[in-house]
J.: 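Below are the structure tokens for one structure; questions will follow.
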Amino acid sequence: MQPRLVMETNLALPNKRSGKVRDLYDVAMPDGSEALLIIATDRVSAFDVVLGNGPAGKGVVLTQISKFWFDHFAGVVDHHLISTDAADVPGLSDTERDLLDGRIMLCRKTRVLPVECIARGYLAGSGWKDYQNTGQVCGIDLPEGLTNGDRLEAPLFTPSTKADTGHDENISFAEGAEIVGEETMLWLQEKTLALYRLARGYAGDRGIVLADTKFEFGVVDGTDEPLLIDEIFTPDSSRFWPADQWQPGGEQPSFDKQYVRNYLETLVADGRWDKTPPGPALPDDVISNTMSRYLEAYRQLTGRELFA
């Protein structure tokens with residue numbers, strides 16, 4: 001089965017809003033409650049800019065990886081996912097259900113906590129740049145002499161604020177506590193690091209280095225304990241490296257969208273793009289290679305094939 005390309009949706013459901021990759025709608029459920037419909041399109045975002053095209057089926061891969069992890073951690077943390085079956089979404093036509101097959105999450109509505117929770121187990125990306133400049137990552141002192149791609153002795157919790165536009169901003173634990181309260185911040189730190197350690201171990205047993213990841217949490221009205229929301233442990237929210245190719249000292253081969261970022265950096269270096277909208281279209285080989293990396297991550301993590 002060849003996946004369809006879905007770059008945007010226009011459903012007859014209320015309160016549509018679009019992020020860089022996802023379209024969201026409110027859904028009135030048969031029991032009178034209100035749910036949230038999250039649709040993973042095939043849009044690609046890099047450097048906070050949506051690119052001109054994307055790999056057909058990328059949103060399906062992201063959704064199915066998230067579903068796998070939500071199921072995997074069902075007894076570890078409460079989460080917002082109700083269903084990934086488009087047949088469970090009221091108000092859709094058969095044509096719309098076919099279009100959205102495999103790429104939706106029907107979820108409990110929450111009040112999103114305005115702190116993004118990041119766990120870093122390896123030195124990479126902005127963490128590596130931070131370390132080169134300051135010897136720290138997000139204000140946390142690290143030993144001297146580390147190199148790009150090094151495993152950190154203890155994973156770091158490095159929260160950031162959620163930005164509506166532009167880049168998220170790294171904050172300290174204390175700054176996060178001022179936003180959501182110290183008790184909630186302690187819970188977020190403990191849960192983030194616990195989930196990361198468990199997933200890193202699982203992925204490592206299947207040939208994948210989980211270098212870092214980010215989570216979002218939300219609270220249902222009338223309750224206190226946060227729920228795990230949004231996507232989890234996907235190639236868009238995590239760095240996945242092939243374990244048999246991991247070699248500290250430089251950029252690592254990856255299953256995630258770092259491959260796309262690396263291509264875009266060549267455009268920047270050549271003066272063909274300045275990291276501002278509109279984003280360029282990706283050539284066919286970059287589209288194909290990106291999708292193959294996402295599918296390989298899914299296969300190694302789940303032991304199953306998509307689009308077979």
J.: Report yes or no: does Trp273 contribute a side-chain atom to a donor-acceptor pair with the main-chain N or O of Thr266 at less than 3.5 Å?
T.: no
J.: Please collect all salt bridge (charged side-chain N to carboxylate O under 4.0 Å, His left out) contacts where either partner lies in residues 293-308, sequence neighbours excluded, each pair once.
T.: Glu296-Arg299
J.: Who passes salt bridge (charged side-chain N to carboxylate O under 4.0 Å, His left out) against Asp150, sequence neighbours left out?
T.: none
J.: Please tell me whether Tyr122 and Leu195 are part of a single hydrophobic cluster in this structure, the criterion being side-chain heavy atoms less than 4.5 Å apart.
T.: yes
J.: For the hydrophobic clusters of this structure (ILVMFWY residues joined by side-chain heavy atoms under 4.5 Å, transitively), does one cluster hold both Tyr294 and Ile65?
T.: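 Yes.
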J.: Find out whether Pro283 and Tyr263 are in side-chain contact, i.e. whether some heavy atom of one side chain is under 4.5 Å from a heavy atom of the other.
T.: yes
J.: Just checking, any donor-acceptor pair under 3.5 angstrom between side chains of Asn170 and Ser160?
T.: no
J.: Determine the minimum heavy-atom distance between Ser172 and Glu175, stating which atoms define it.
T.: N-OE1, 2.8 Å
J.: Quick check on the hydrophobic clustering: are Ile38 and Phe215 connected, directly or via other members, by side-chain heavy-atom contacts under 4.5 Å?
T.: yes
J.: Using a 3.5 Å distance criterion without hydrogens, assess whether the side chain of Ser66 forms a donor-acceptor pair with backbone atoms of Ile232.
T.: yes
J.: Given side chains that start at C-beta, do those of Val61 and Phe307 come closer than 4.5 Å, heavy atoms only?
T.: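 When only atoms from C-beta onward are counted, Phe307 and Val61 do touch, with a gap below 4.5 Å.
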J.: Could you check whether any side-chain N or O of Glu96 sits under 3.5 Å from a backbone N or O of Ser93, counting only pairs where one atom can act as donor and the other as acceptor?
T.: yes
J.: Give a yes or no answer on whether the side chain of Lys16 reaches the backbone of Asp26 with a donor-acceptor pair at less than 3.5 Å.
T.: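 Checked: no pair found.
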J.: Please examine the side chains of Gln189 and Phe173, heavy atoms only from C-beta on, and report whether any two atoms are closer than 4.5 Å.
T.: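 A side-chain contact exists here, since the closest heavy-atom pair is under 4.5 Å.
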J.: Does the pair Asp23 and Arg43 meet the rule for a salt bridge (Lys or Arg N to Asp or Glu O under 4.0 Å), with working shown?
T.: CA-CA 10 Å; Asp23 291 346; Arg43 297 192 295 266; 2.9 Å; yes
J.: Please determine whether the number of non-hydrogen atoms from other residues, nucleotides or ligands lying under 6.0 Å from atom CD of Glu190 exceeds 12.
T.: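 Check fails, neighbour count at 12 or below.
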J.: Would you please indicate if the ring centroids of Phe233 and His72 are separated by under 6.0 Å?
T.: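 For Phe233 and His72, the ring centres are not under 6.0 Å apart.
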J.: Which pair of non-hydrogen atoms, one from Asp130 and one from Gly139, has the smallest distance, and what is that distance?
T.: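 Looks like OD2-N, 4.4 Å.
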J.: When Ile, Leu, Val, Met, Phe, Trp and Tyr are grouped by side-chain heavy atoms lying under 4.5 Å apart, directly or through other members, which residues fall in the same group as Leu142?
T.: Leu123, Trp128, Tyr131, Val137, Ile140, Leu146, Leu152, Leu156
J.: Under 3.5 Å, side chain of Asn133 to main-chain N/O of Lys129, donor-acceptor pair present?
T.: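 Judged by distance alone, yes, a pair lies under 3.5 Å.
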J.: Please collect all side-chain hydrogen bond (donor to acceptor under 3.5 Å, both in side chains) contacts where either partner lies in residues 202-213, sequence neighbours excluded, each pair once.
T.: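 Listed once each, the pairs are Tyr202-Arg206, Asp212-Arg239, Thr213-Ser238.
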J.: Could you measure the distance from the CG atom of Asp85 to the CZ atom of Arg97? Nearest 0.5 Å is fine.
T.: 9.0 Å
J.: Is Val77 reachable from Ile82 through a run of hydrophobic residues whose side-chain heavy atoms are each under 4.5 Å from the next?
T.: no
J.: Members other than Met7 in its cluster, when Ile, Leu, Val, Met, Phe, Trp, Tyr link by side-chain heavy atoms under 4.5 Å?
T.: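 Besides Met7, the cluster holds Leu5.
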J.: Using only atom types and a distance under 3.5 Å, with no angle test, would you say the side chain of Gln252 pairs donor to acceptor with the backbone of Gly250?
T.: yes
J.: Which of these, Asp236, Leu295, Thr41, sits in a side-chain contact (heavy atoms from CB on, under 4.5 Å) with Lys58?
T.: Asp236
J.: Quick one: side-chain contact (heavy atoms from CB on, under 4.5 Å) partners of Glu225, sequence neighbours excluded?
T.: Trp187
J.: Might you point out which heavy atoms bring Ser33 and Asp31 nearest each other, and give the distance in Å?
T.: OG-OD1, 2.6 Å
J.: Counting distance only, does the side-chain N/O of Asn53 pair as donor-acceptor with the main-chain N or O of Leu282 below 3.5 Å?
T.: yes
J.: For the CG atom on Asp94, are there more than 12 heavy atoms of other groups (residues, nucleotides or ligands in this structure) within a distance under 6.0 Å?
T.: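 Not more than 12 within 6.0 Å, no.
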J.: Looking at every heavy atom in both Ser126 and Arg120, which two are closest together, and how far apart are they?
T.: OG-NH2, 3.5 Å
J.: Would a 4.5 Å heavy-atom cut-off, applied to side chains only, mark Pro242 and Pro253 as touching?
T.: yes
J.: Would you say that Val21 contacts Glu231 through its side chain, given a criterion of any heavy-atom pair below 4.5 Å between the two side chains?
T.: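 The answer is no; the side chains never approach within 4.5 Å.
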J.: Do Phe68 and Met291 sit in the same hydrophobic cluster, where Ile, Leu, Val, Met, Phe, Trp and Tyr count as joined when their side-chain heavy atoms come under 4.5 Å apart?
T.: yes
J.: I want to check a possible cation-pi pair here: Lys275 against Phe47, using under 6.0 Å from ring centre and within 45° of the ring axis as the test.
T.: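 Checked: cation-pi criterion met.
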J.: Minimum heavy-atom separation for Ala297 and Phe255, please, with both atom names.
T.: CB-CB, 3.9 Å
J.: Is there a side-chain contact between Leu267 and Glu265 in this structure, where contact means two heavy atoms from C-beta onward sitting under 4.5 Å apart?
T.: no
J.: Check step by step if side-chain contact (heavy atoms from CB on, under 4.5 Å) holds for Leu36 and Val27.
T.: CA-CA 6 Å; Leu36 176 69; Val27 176; over 6 Å; no
J.: Which is it for Thr234 and Ser237 under the side-chain hydrogen bond (donor to acceptor under 3.5 Å, both in side chains) test, yes or no, and what are the steps along the way?
T.: CA-CA 5 Å; Thr234 72; Ser237 66; 3.3 Å; yes
J.: Mind checking whether Leu301 and Phe240 have side chains closer than 4.5 Å, heavy atoms only?
T.: yes
J.: Sub-3.5 Å donor-acceptor pair from the side chain of Ser288 to the main-chain atoms of Asp285, do we have one?
T.: no
J.: Has Asn15 got a side-chain atom pairing as donor or acceptor with Tyr25's backbone, closer than 3.5 angstrom?
T.: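 Looks like no, no N/O pair under 3.5 Å.
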J.: Could you check Asp42 against Arg103 for salt bridge (Lys or Arg N to Asp or Glu O under 4.0 Å), going step by step and ending with a plain yes or no?
T.: CA-CA 9 Å; Asp42 297 327; Arg103 63 173 72 243; 3.0 Å; yes
J.: Should we count CG of Asp224 as having more than 12 external heavy atoms under 6.0 Å?
T.: no
J.: Once you round to the nearest 0.5 Å, how far does OG1 of Thr223 lie from CG of Leu227?
T.: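 So the gap between those two atoms works out to 6.0 Å.
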J.: How far does CG of Leu92 sit from CG of Leu99, to the nearest 0.5 angstrom?
T.: 10.0 Å
J.: Could you grab the distance from atom CD1 of Ile39 to atom CD of Glu8, nearest 0.5 Å is fine?
T.: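 It is 11.5 Å, given to the nearest 0.5 Å.
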J.: Tell me whether Asp256 contacts the main-chain N or O of Gln258 through its side chain, where contact means a donor paired with an acceptor under 3.5 Å.
T.: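 Judged by distance alone, yes, a pair lies under 3.5 Å.
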J.: Distance from Lys191 atom NZ to Thr184 atom OG1, nearest 0.5 Å?
T.: 13.0 Å
J.: Can you name the nearest heavy-atom pair linking Ala46 to Arg261, along with the distance?
T.: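 Looking at all heavy atoms of both residues, the closest pair is CB-CG, 4.4 Å.
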